[in-house]
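Naming: A, B, ... by sequence-line order, numbering from 1 per chain.
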2 protein chains.
Amino acid sequence: MTDRPHDPGRAASSAAFSPLYQQIKSLILRGLDHGEWKPGEAIPSEFELAARYQVSQGTVRKAIDELAADNLLIRRQGKGTFVATHNEAKVRFRFLRLSADDGLPAASRSQILDCRRLKAPPEVAGALDMRTGDMVVNMRRVLSFDAIPTILDDIWLPGHIFKGLTMESLERYRGPVYALFETEFGVSMVRADEKIRAVIATSAQAELLSVPVSSPLLQVERISYTYGDRPMELRRGLYVTERYHYRNSLN
Amino acid sequence: MTDRPHDPGRAASSAAFSPLYQQIKSLILRGLDHGEWKPGEAIPSEFELAARYQVSQGTVRKAIDELAADNLLIRRQGKGTFVATHNEAKVRFRFLRLSADDGLPAASRSQILDCRRLKAPPEVAGALDMRTGDMVVNMRRVLSFDAIPTILDDIWLPGHIFKGLTMESLERYRGPVYALFETEFGVSMVRADEKIRAVIATSAQAELLSVPVSSPLLQVERISYTYGDRPMELRRGLYVTERYHYRNSLN
DNA sequence: CAGTGGTCTAGACCACGTG
DNA sequence: ACGTGGTCTAGACCACTGC
């Protein structure tokens, strides 16, 4: 078996030129997608990969550089290169951009409101690349920081992938749900797009978040993607931004 | 004159090891800060810089790679490497993350409300690394998209740097204010941090934005930095998010 | 001490843009 | 045809980690 990538643009000029390291990147990406290396595990060393793919170590290096820049891999000098995971304290806030105004860390607690299986409404189906009526899991929860309700989440997941997800398993699990998705369902969230607006709390929302009706809330609509840009989660969060703010950096 | 960076860690082991390419990066950064190359202009070729700094072209390359990743430089194959600017159509939305829900581009128009020089309130001074009472410029404006008022901006700038900034010069200028800052005052904004909340429109704000009192607004507080992480602008924007949303990508 | 990623170099060749 | 950045290689050496 030869894994060697073919060689466009080296012999004859080609219409679609793709650098070798991009092809290597795709191969590694495929390995990640197929679960060849699990989140938190080390991938083979650069020299091993170079031998496997029949390219120089420098070329593998450049491929890994890009995957590390995308946060799919984590390099650790002297130790190896590891598959990114949501299971580490360091990256707990990779997808949660809410910070306390005073900067102090807070104890967080999650209260699951419900977790049901139902047919996807059109809007949800569209976001998840499914058909209207396909099975989806819908869960809602309230996240509290220092015992103050702060986030009301409404989460939609493809039913055929998140099969055993129940209220009990959610309540049992300690840690971010993205870590649970990884370990229980083999789904790694790799990237997400968000649309943010200011809205007014309905009475139901206000009650769940212990704020006055018509309080302003930050609405964060998120679509999370796994490898290959496949949407795996639609989430609508409502954030109380009295003592917390959504932080962002522009480059 | 020798620009050659010194060489820690090559001869004897050193406490603070800094790779050669990082030192080159700093040297290029200093050149940018000192205005050796202006926004939009090309910097010398990799080989020229390699000769100037007495290192290999590959090392210069790696330094430029990082500066390009930070959006300080823009590489253009076959043409050269250019200093990033806010003056190009392509990057007009680098710092403006508001998008129309329907995705259609809109004609934008800016109405300047006022532009005054006054003594910095404590909060403003703190954000701009100045002393309370130092001179600052304060301008306010309304941005409209397709003739619909959408953003109310309140902008604070260090007075000793933005000397000739007046309401007339602002009104005369076509294009983003960041482009004006570059061309008129030599200040390049390179990075920004934002804190985002949901708030309720005061009657004054509501009137300026033509929305009902107590409408929900997205409050975006931004500190913009020039080279060397020096804060140069404090801006509080209020966004109407009825037909527009703030978009963000998480990695 | 061995193995990993990180740096640096030198040289060959390719793709792109411009004359 | 030339100069720019982009790719690929091979080899030497350094820094960090863990046995």
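- Counting only residues at least two apart or in different chains, ring-ring contact (aromatic ring centres under 6.0 Å, His included) contacts with residues 68-91 of chain B comprise B/His86-B/Phe95, B/His86-B/Tyr178.
- For the residue pair A/Glu182 and A/Thr85, a side-chain donor N or O sits within less than 3.5 Å of a side-chain acceptor on the partner.
- Taking the six-membered ring where the residue is Trp, the centroids of B/Tyr244 and B/Phe145 are separated by under 6.0 Å.
- Across D/dA10, C/dT4, C/dT7, the shortest atom-to-atom separation from the side chain of A/Ser56 is found for D/dA10.
- Of the candidates B/Glu194, B/Arg235, B/Lys195, B/Val220 forms a side-chain contact (heavy atoms from CB on, under 4.5 Å) with just one, namely B/Glu194.
- The interatomic distance linking B/Arg61 (CZ) with D/dT7 (P) rounds to 7 Å, in whole Å.
- Listed candidates were D/dT9, C/dT9, D/dT4. Nearest to the side chain of B/Ser45 is D/dT4.
- Atom pair B/Gln23:CD and D/dC14:P shows a separation of 16 Å (rounding to whole Å applied).
- The interatomic distance linking B/Gln22 (CD) with C/dT7 (P) rounds to 8 Å, in whole Å.
- Taking atom NZ of A/Lys25 as the reference point, atom P of D/dT7 lies 11 Å away to the nearest angstrom.
- Here the side chain of B/Glu46 is nearest to one of D/dG6, C/dG6, C/dT9, namely D/dG6.
- In the set C/dT7, C/dT9, D/dT9, the nucleotide with an atom closest to the side chain of A/Val55 is D/dT9.
- In this structure, B/Lys62 atom NZ and D/dC14 atom P are separated by 17 Å, rounded to whole Å.
- A salt bridge does not link A/Glu221 with A/Arg236: every distance from a Lys NZ or Arg NE/NH1/NH2 to an Asp or Glu carboxylate oxygen is 4.0 Å or more.
- Paired with A/Leu72 under the rule side-chain contact (heavy atoms from CB on, under 4.5 Å), one option of A/Ile64, A/Leu29, A/Val83, A/Ile28 passes, and it is A/Leu29.
- Side-chain contact annotation: B/Arg247 with B/Ser99, donor-acceptor N/O pair under 3.5 Å present.
- Of the residues in residues 64-82 of chain B, B/Gln77, B/Gly78, B/Lys79 come within less than 4.0 Å of DNA chain C through at least one heavy atom, sorted by number.
- For B/Tyr21, the listed nucleotide lying nearest its side chain is C/dT7; candidates were D/dT7, C/dG6, C/dT7.
- A straight line from OH of A/Tyr53 to P of D/dT9 spans 15 Å, rounded to a whole angstrom.
- The distance between atom CD of B/Gln57 and atom P of D/dG3, rounded to the nearest whole Å, is 15 Å.
- Counting to the nearest Å, the C1' atom of C/dT4 and the CZ atom of A/Phe47 are 10 Å from each other.
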